[in-house]
Amino acid sequence: MSDEPLLRLRGVARHYGHGDSLVRALDGIDLDVPRGAFLSFMGPSGSGKSTALNTLGCLDVPTAGSYRFRGVEVTTLGPKERALLRRHWMGFVFQGFNLLPRSTALENVELPLGYRGLPVRERRERALQALEDVGLGGRSHHRPDELSGGQQQRVAIARALVVAPDLLLADEPTGNLDTATSLEVMELLTRLHADRGITVVMVTHEDDMAAFGQRIVRFRDGRIEADEAVAGAGGAA
C-alpha cells in the first residue's frame, strides 16, 4: 500500500440521464495522485473537472470504473462509509466559504471536530491553533460578516485543516476574491501544503492560480486532455 498513490482512478465514468438525454460528465478517466502532490484541475464549464473533484471527495459516486483512496476501493462503500472517509481524511474549501453566519470564526473551525465527538477543550485548542496557522488568531471571536472575503476564506481553510486531513479539496477557492487577496490565499495554501505535506487538488479557471500547483490537469468533454508539470512547481512563476 505504501507504494500506491493516495488517489488512483481507472476508467472512471459518471453519467447522468438516459438515452438522448445522457450526459457523460466523466467519460473514462485515469489519474494517479501521489501523496503530497498539488494538482490544479482546469477546463471549460461542463468539462468534468468539478465532477472529478466531487468524485475524489466522495460527494459523488462513479457510474463505472475504480477509485481507490488510501488503498480502499471507494466504489464499493456505502454512504455512511464514504461519510467517514470525508470526516476523517478529507478537508474541503469552497468558493462561497460556506461559513455559518451567526457563529464566530472559532466556532466555525471547531465544527468538524464536533462531528468527531472530540471533547470541548480539545476542540477549542485545535481550532485556535488552526486560526493561528492561517494568520487569524486575533479574529477568533469575529463572525463572518465582521471579516473580509479573504479572511473568511482563511477561516474556511482553517476549518478544512483542523482535522489534519490527508487530502484537501478546493473548489474555486479564489473565485469570489480580488486579485491581491487571491494571491494571498494561494500563497497560504502553498505554504501549508509545503509545511504539512498535505495532498491538494484544486479546481480553478485562472491560469495564474493554477500555476501555484505542481501539475495542471486539463479536462474537456469528460476526459483528461492534458496532464502537465508546472515550471518551477510549488509556486507561481
Side-chain angles (χ1 to χ4, degrees), residues 7 9 12 14 16 23 25-26 29 31 33 37-60 86 90-101 105 108-109 111-112 134-136 144-145 147-163 165 167-193 198-228 230 233-237:
L7 315 173
L9 281 70
V12 167
R14 185 64 174 101
Y16 300 95
V23 176
L26 293 177
I29 65 171
L31 182 69
V33 182
F38 190 147
L39 271 63
S40 300
F41 284 1
M42 299 194 75
S45 296
S47 63
K49 61 186 184 300
S50 292
T51 303
L53 193 80
N54 289 338
T55 299
L56 296 181
C58 299
L59 298 171
D60 205 350
R86 292 194 300 270
M90 300 179 183
F92 297 84
V93 179
F94 301 97
Q95 178 177 348
F97 315 141
N98 288 8
L99 302 177
L100 299 176
N108 270 284
V109 175
L111 190 61
V134 300
L136 287 178
D145 61 1
L147 301 171
S148 69
Q151 289 171 334
Q152 290 183 60
Q153 192 60 294
R154 285 172 178 265
V155 173
I157 292 169
R159 181 184 57 194
L161 295 177
V162 75
V163 298
L167 174 65
L168 178 65
L169 297 160
D171 191 0
E172 297 279 2
T174 61
N176 285 340
L177 305 175
D178 60 47
T179 300
T181 307
S182 294
L183 291 172
E184 291 176 2
V185 167
M186 290 309 305
E187 287 165 0
L188 171 63
L189 281 176
T190 302
R191 174 172 60 80
L192 292 169
H193 164 257
I198 298 170
T199 305
V200 179
V201 180
M202 174 182 71
V203 165
T204 182
H205 282 95
E206 303 169 271
D207 289 322
D208 51 348
M209 301 300 116
F212 277 88
Q214 298 167 332
R215 286 163 54 192
I216 297 177
V217 181
R218 299 185 185 276
F219 287 78
R220 185 174 296 275
D221 298 329
R223 296 176 178 269
I224 294 175
E225 67 172 2
D227 185 344
E228 53 206 21
V230 175

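Residues Asp227 and Leu31 share a closest heavy-atom pair of OD2-CD1, 3.9 Å. Heavy atoms only, all atoms of each residue included: Phe219 and Pro44 are closest at O-CD, 3.6 Å. Scanning all heavy atoms of the two residues, the minimum distance from Pro173 to Val93 falls at CB-CG1, 4.1 Å. The minimum heavy-atom distance linking Val155 with Asn108 is given by the pair CG1-CB, 4.2 Å. Taking both residues in full, the closest heavy atoms of Gly57 and Leu169 are given as CA-CD1, 3.3 Å, listed atom of the first, atom of the second, then distance. Listed here is the closest heavy atom pair of Ala25 and Tyr16: CB-CE1, 3.5 Å.
Judged by distance alone, with hydrogens and angles left aside, the side-chain atoms of Arg159 form no donor-acceptor pair with the main-chain N or O of Leu111 at under 3.5 Å. Of the possible polar contacts, none joining the Arg218 side chain to the Ala226 backbone as a donor-acceptor pair under 3.5 Å is found. Put simply, the side chain of Ser40 gets close to the backbone of Ala210: a donor and an acceptor are under 3.5 Å apart. Listed for the Asp171 side chain is no donor-acceptor partner under 3.5 Å among the backbone atoms of Val203.
Here Phe38 and Phe212 keep their ring centres 6.0 angstrom or further from each other.
Once rounded to the nearest 0.5 Å, the distance linking CG of Leu188 with CD1 of Ile157 reads 4.5 Å. A distance of 6.5 Å separates CG of Leu167 from OG1 of Thr199, quoted to the nearest 0.5 Å. Atom-to-atom distance recorded for His205:NE2 and Glu172:CD is 5.5 Å, nearest 0.5 angstrom. Atom CZ of residue Phe97 and atom CG of residue Leu177 lie 5.0 Å apart, to the nearest 0.5 angstrom. Here the CE atom belonging to Met42 is positioned 11.0 Å from the CD atom belonging to Glu225, to the nearest 0.5 angstrom. Rounding to the nearest 0.5 Å places CG of Leu53 at 10.5 Å from NZ of Lys49.
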Test Ile198 against Leu192 for side chain to side chain contact (heavy atoms under 4.5 Å, CB included), laying out the working first. CA-CA 8 Å; Ile198 298 170; Leu192 292 169; 5.7 Å; no
Carefully, step by step, assess Arg86 and Leu59 under the rule side chain to side chain contact (heavy atoms under 4.5 Å, CB included). CA-CA 9 Å; Arg86 292 194 300 270; Leu59 298 171; 3.6 Å; yes
As a quick check of understanding, evaluate side chain to side chain contact (heavy atoms under 4.5 Å, CB included) for Gln214 and His193, giving each step before the final call. CA-CA 11 Å; Gln214 298 167 332; His193 164 257; 3.6 Å; yes
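The shortest distance between side-chain heavy atoms of Leu189 and Leu168 falls below 4.5 Å. Within the 4.5 Å cutoff, the side chain of Met209 has heavy atoms near those of the Leu183 side chain.
In the displayed structure, Asn98 atom CG is contacted under 6.0 Å by more than 12 heavy atoms of other residues, nucleotides or ligands.
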